[in-house]
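Protein chains get the first letters and strands the later ones, always in sequence-line order, with residue 1 at the start of each.
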Amino acid sequence: MAILSKGMYNMRYDFQKIEPKWQKHWLENDTFKSEVDKSKPKYYVLDMFPYPSGAGLHVGHVEGYTATDIVARYKRMAGFNVMHPMGWDAFGLPAEQYAVKTGQHPRETTATNVANFKKQIQSLGLSYDWNREVNTTDEKYYRWTQWIFLQLHKKGLAYVAEVPVNWCPDLGTVLANEEVPEQVAKGYRVERRPMRQWMLKITAYAEELLQDLDDLDWPESLKEMQRNWIGKSKGAEIDFAIKNHDEKLRVYTTRPDTIFGATFMVLAPEHPLVEKVTTSDCKEAVCSYQEQSSLKSELERTELSKKKTGTFTGAYAINPANGQEIPIWIADYVLVSYGTGAIMCVPHGDERDHEFAEVFDLDIVAITDDNERYINSENKENGFVLNGLEKEAGIATAIEWLEKNNCGEAKTNYKIRDWLFSRQRYWGEPFPVVYNDKGEAQALSEEELPVLLPEMSDFKPTGTPEAPLSKATEWLEYEGKDGKKYVRETNTMPQWAGSCWYYLRFLDPDNEDKFCDPEKEKYWMPVDLYIGGAEHAVLHLIYARFWHKVLYDLGCVSTKEPFQKLFNQGMILGYTYRNYKNDKGEVVSHNDAKWKVEDSGQIAYHKETKEELKVELVAPHEVVWKDGKVYHEELDCELEVKAEKMSKSLGNTINPDVIIKDYGADSLRLYEMFMGPLEQEKPWNDTGIEGVHRFLRKVWLLFIDREGNLNESIKDDAKLDKNVEKLLHKTIEKVTNDLEKLRFNTAISQLMILVNELGGKEINKECAETLLKLISPLAPHIAEELWALLGNDPCVCEQEWPKHDPKLVVDDEITLVVQVNGKFRASLKVAKGLSKDELEKIAREDEKVKTHLDKEVRRVIVVPNKLVNFVL
RNA sequence: ACUGGUGUGCCCAAAUUGGUAAAGGGACUUGACUUAAAAUCAAGGAUUUGUGGGUUCGAAUCCCACCACCAGUACCA
């Protein structure tokens with residue numbers, strides 16, 4: 001990184017002095033305080049509030065928060081009553097892991113981390129209304145999280161169940177399905193084991209959660225992820241009789257029309273019928289298979305590359321379509337928790353069934369021909385005939401036949417499971433629940449809230465499914481109004497609980513009687529713009545929608561959906577440089593290196609010699625960029641460059657504090673917005689920030705001369721050059737449009753064009769002020785300082801947003817492009833609004849064009865105000 | 001494997017409805033200023049939009065195929 005000789009700049013643009021000064025001013029004057037004001041249109045801009053981890057703010061936070069801040073500031077100036085709050089999602093694993101690691105109490109580390117985050121956030125000049133700050137670990141806050149839990153419980157949406165859960169021994173807790181991939185990626189083990197757990201019935205809202213996605217202004221990719229997660233499928237449940245048994249075997253299939261091809265059945269190993277139907281000679285094999293698969297983790301069971309396994313139960317089912325007896329197997333590729341936990345297998349149509357049939361040498365009956373027409377799919381005796389039909393009609397006919405013959409019915413299934421809602425950790429909301437001596441759960445009344453989290457010095461996970469709160473002996477005991485003794489629930493709620501409704505608490509953070517005043521809720525909701533990372537697609541964003549819908553059904557909120565418009569900022573990546581070496585320590589070109597996955601992790605090897613290669617990370621200060629390639633400063637060899645997610649282990653993180661110190665918050669804000677489109681992933685480039693910093697210095701020099709006085713070129717009544725005036729109005733128009741569409745990079749580039757043009761010219765005060773207004777949402781500190789230096793009262797951020805004069809942005813002369821056979825031949829300045837004939841005439845008469853019109857003109861294409869193309 | 005996204009000078013990128021591709025920033029080169037460097041100012045080059053085909057008077061933009069990278073999902077019957 002280039003080192004700035006600070007002394008030089010400080011004389012001119014002293015961001016280190018300016019920025020804290022205005023941050024203090026805004027805070028002390030409550031500049032961004034917002035209250036319900038029905039005379040103005042409201043605008044609710046929300047960030048995904050952070051987990052205040054020990055690592056502090058990173059540049060990814062800065063990106064999203066700057067974007068919302070720009071919108072908030074712009075909307076305020078444009079006449080909106082803006083809600084822009086910030087708070088802390090401070091319960092949960094990251095904070096607690098840190099506390100466990102350092103041995104400090106989570107309450108202390110959380111307080112320290114929050115203070116640090118807040119300081120960092122404030123040093124960015126973000127326009128939050130700090131009167132509305134919330135913290136999910138505050139008892140005044142989690143009291144209402146518990147209250148919402150009670151409402152869910154009352155509606156029957158919270159229940160205790162003994163279910164196979166994702167137990168993570170490393171973290172000492174169970175995890176929700178949605179959380180598993182992330183933790184596994186971090187290297188934690190996750191096992192399946194049955195445990196008694198609190199569940200929330202999110203499945204009851206599956207259809208609504210799916211349907212209502214359509215009306216949301218969200219990125220299509222994110223909606224698609226939620227749709228996939230909900231995983232709606234239509235099909236049928238079918239009953240198969242079991243030979244020599246009264247009980248029926250019910251399966252779920254999306255293709256009831258393939259039933260004639262069903263040549264065997266597979267049950268999940270845990271299916272309750274397995275014990276009943278297994279014949280004595282198969283018992284041993286079945287039991288041992290059941291045991292084997294119960295030990296396997298979910299990951300092992302779903303390992304795709306693995307060969308199919310299973311075993312025969314000895315029992316036979318009867319295919320209702322054709323009366324055939326088909327064997328019943330068990331196999332762990334069938335999941336108990338989906339559908340009925342049993343399937344009919346059609347090896348001709350289904351890849352997985354086919355593979356299984358191959359492995360165990362089971363029958364494969366063809367049911368469609370090469371043209372996808374049904375064959376072998378009719379039974380004249382019972383009137384079930386599919387041959388000759390198309391797929392759609394086949395499915396409909398099959399369902400019809402099944403329903404008429406009482407052996408099945410149409411059925412819709414969802415992949416989404418109920419939300420596993422308890423954690424065996426200390427740092428979370430306690431459940432407002434107690435157990436009587438029979439072990440029955442009983443919800444506490446609303447008056448007994450909050451159930452406080454007890455102070456404990458030993459809050460570490462026990463390493464067993466027993467939660468840490470079980471060690472809080474005094475707290476555990478609860479005496480009911482009936483005088484009986486109860487024991488408290490020792491599990492706590494998961495991280496996601498608090499973030500399910502924080503956007504509502506912001507609207508009325510100090511309310512002691514309600515989680516939120518309905519009047520305030522009605523005024524502010526829904527959230528008009530919500531910006532955050534895409535990693536929350538199927539976690540926070542689906543949980544919060546679920547709670548919101550429950551609250552809507554209870555009449556507690558006025559909208560069906562919480563977040564009308566959602567936008568994902570792209571991740572900011574960091575460059576990593578790698579060097580490959582062979583056994584002898586010789587450098588190998590990265591072009592010859594390949595990667596493969598082994599049990600021990602990823603291994604690099606030489607693509608020809610196959611020998612294993614050592615990989616060295618090279619620190620950024622040791623590399624030299626040249627012509628798009630990267631070389632090692634000393635070794636003088638070419639390195640591999642990649643833009644990767646920033647992480648400590650890769651050493652490619654950027655600390656925003658350092659950037660703020662060296663270049664200022666305005667530069668950091670501007671750079672992150674200028675890097676590229678907000679939604680795109682983009683690598684951090686050290687030299688890039690110098691460009692925007694230079695731009696801000698240029699702005700400064702436009703106003704202030706070298707002695708620190710107001711520049712003489714700014715005159716109250718200077719007459720603006722016509723072209724300058726036009727550019728100014730074009731800039732107002734473009735910046736306004738770009739901010740509306742979150743295209744900050746192009747807005748900044750337009751401002752650069754304007755500032756370059758204004759340099760060295762005489763400008764009037766109005767023009768100077770307009771420029772500052774346009775800049776102020778993006779780089780608020782410098783705009784504020786210059787606004788004051790112009791002799792104005794603070795603040796520029798409270799001024800009215802400039803409007804462009806439509807008459808001034810219209811060009812009265814246009815550049816006419818003349819093409820011959822599609823090739824560019826001339827560009828001519830002509831008056832705007834000429835007719836097609838006039839344009840053609842002018843084009844024909846041009847000398848340069850004439851020389852190319854050597855053949856007969858067959859056709860002339862004229863686009864008014866744009867171009868003329870002669871086709872020969 | 002499937003789904004979604006991306007691919008434009010050395011790098012990050014811009015390009016209303018198809019209409020001069022490369023605005024803006026960085027890097028680089030040169031000049032001015034300077035004892036010198038930095039900073040500042042001024043000037044400058046490159047090119048056919050991942051590859052191949054198609055539609056069109058005209059394609060970065062629309063269609064087809066392929067390649068590369070990124071993200072998500074992963075036996076959900």
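Across all strands shown, A:Ile343 has heavy atoms under 4.0 Å from base atoms, whether or not it also approaches the sugar-phosphate. Contact annotation for A:Asp353: no contact, since no heavy-atom pair falls under 4.0 Å across all strands. Using a 4.0 Å heavy-atom cutoff across all strands shown, A:Lys698 reaches sugar-phosphate atoms only and no base atom. Counting non-hydrogen atoms under 4.0 angstrom, A:Asn413 reaches nothing in the nucleic acid.
Among the nucleotides B:A14, B:A74, B:A13, the one closest to the side chain of A:Lys682 is B:A13. Nearest nucleotide to the side chain of A:Trp229, out of B:A23, B:G25, B:A74: B:A74. Taking every side-chain heavy atom of A:Gln680 into account, B:A13 is the closest of B:A77, B:A13, B:G24. Out of B:C12, B:A77, B:G24, the shortest distance to the side chain of A:Tyr252 is found at B:A77. Residue A:Val334 places its side chain closer to B:A77 than to any other of B:G24, B:A77, B:C11. With B:A23, B:A71, B:C11 as the choices, the nucleotide that has an atom nearest any side-chain atom of A:Glu681 turns out to be B:A71.
Side-chain contact between A:Leu754 and A:Leu728 is present, with heavy atoms from C-beta onward closer than 4.5 Å. Under the 4.5 Å side-chain criterion, counting only non-hydrogen atoms from C-beta, A:Val365 is not in contact with A:His348. Within the 4.5 Å cutoff, side-chain heavy atoms of A:Ile416 are placed close to those of A:Thr203.
Nucleotides B:G52 and B:G9, compared at atom P, are 15 Å apart to the nearest Å. B:A42 and B:G50: their C1' atoms are spaced 37 Å apart (whole Å). With both ends at atom P, the span from B:C69 to B:A32 equals 48 Å, rounded to whole Å. Nucleotides B:U61 and B:U49 have their C1' atoms positioned 10 Å apart, rounded to a whole Å. Only the P atoms considered, B:A46 is 29 Å distant from B:C62, to the nearest whole Å.
The distance between atom CD of A:Gln750 and atom P of B:A15, rounded to the nearest whole Å, is 12 Å. What separates CZ of A:Phe674 from P of B:A23 is a distance of 12 Å, to the nearest Å. For the pair A:Leu539 CG and B:G72 C1', the interatomic distance rounds to 12 Å; values are reported in whole Å. Separating the CE atom of A:Met265 from the C1' atom of B:A77 is a distance of 12 Å, rounded to the nearest angstrom. For the pair A:Met752 CE and B:G25 C1', the computed distance is 5 Å after rounding to whole Å. Put simply, CZ on A:Phe744 is 17 Å from C1' on B:A14, counting in whole angstrom units. The CD-C1' distance, from A:Glu220 to B:G72, rounds to 15 Å in whole Å.
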Look for any protein N or O under 3.5 Å of an N or O in nucleotides 27-29 of chain B and output each such pair with its distance, or none.
none

Protein-nucleotides 16-20 of chain B N/O pairs under 3.5 Å:
from: B:U17; atom 1: O4; to: A:Lys866; atom 2: NZ; distance (Å): 3.0
from: B:G19; atom 1: N2; to: A:Gln819; atom 2: OE1; distance (Å): 3.2
from: B:G19; atom 1: N2; to: A:Asn869; atom 2: ND2; distance (Å): 3.4

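Using a 30° and 60° split on the angle between ring planes, A:Trp419 and A:Tyr543 fall in the parallel class, below 30°.
Counted within 6.0 Å of NZ on A:Lys232, heavy atoms from surrounding residues, nucleotides or ligands total more than 12; the atom is thus considered enclosed. The local environment of NZ in A:Lys761 is crowded, with over 12 non-hydrogen atoms from other residues, nucleotides or ligands closer than 6.0 Å.
For A:Phe264 and A:Phe360, the ring centers are positioned 6.0 Å apart or more.
A donor-acceptor pair is defined here as one N or O able to donate and one able to accept, closer than 3.5 Å; such a pair exists between the side chain of A:Arg417 and the backbone of A:Lys415.
In summary, of the residues considered (A:Val818, A:Val868, A:Leu828), a side chain to side chain contact (heavy atoms under 4.5 Å, CB included) with A:Ile842 occurs for A:Leu828 alone. Test A:Thr253, A:Thr258, A:Asp257 against A:Arg255 for side chain to side chain donor-acceptor pair (under 3.5 Å) and you get one pass: A:Asp257.
Summarising the base pairing, B:G72 is matched to B:C2 through a Watson-Crick or G-U wobble pair whose two defining distances lie under 3.5 Å. For B:A42, the paired nucleotide is B:U30, the pair qualifying as Watson-Crick or G-U wobble because both relevant distances are below 3.5 Å. The nucleotide B:A60 finds no pairing partner, because no Watson-Crick or G-U wobble arrangement with both distances shorter than 3.5 Å includes it.
Remark: A:Gln226 is not in phosphate contact with B:G72, judged by side-chain N or O atoms under 4.0 Å from OP1 or OP2. Dashed line: the shortest gap from a side-chain N or O of A:Ser221 to OP1 or OP2 of B:U3 is not under 4.0 Å. Taking 4.0 angstrom as the limit, A:Tyr338 places a side-chain polar atom (N or O) nearer than this to OP1 or OP2 of B:A77. Here A:Asn745 reaches the OP1 or OP2 of B:A14: one of its side-chain N or O atoms lies under 4.0 Å away. Checking the phosphate oxygens (OP1, OP2) of B:A23, no side-chain nitrogen or oxygen of A:Asn756 falls inside 4.0 Å.
A:Arg844 has a carboxylate O that lies under 4.0 Å from a charged side-chain N of A:Glu840, or vice versa, which qualifies the two as a salt bridge.
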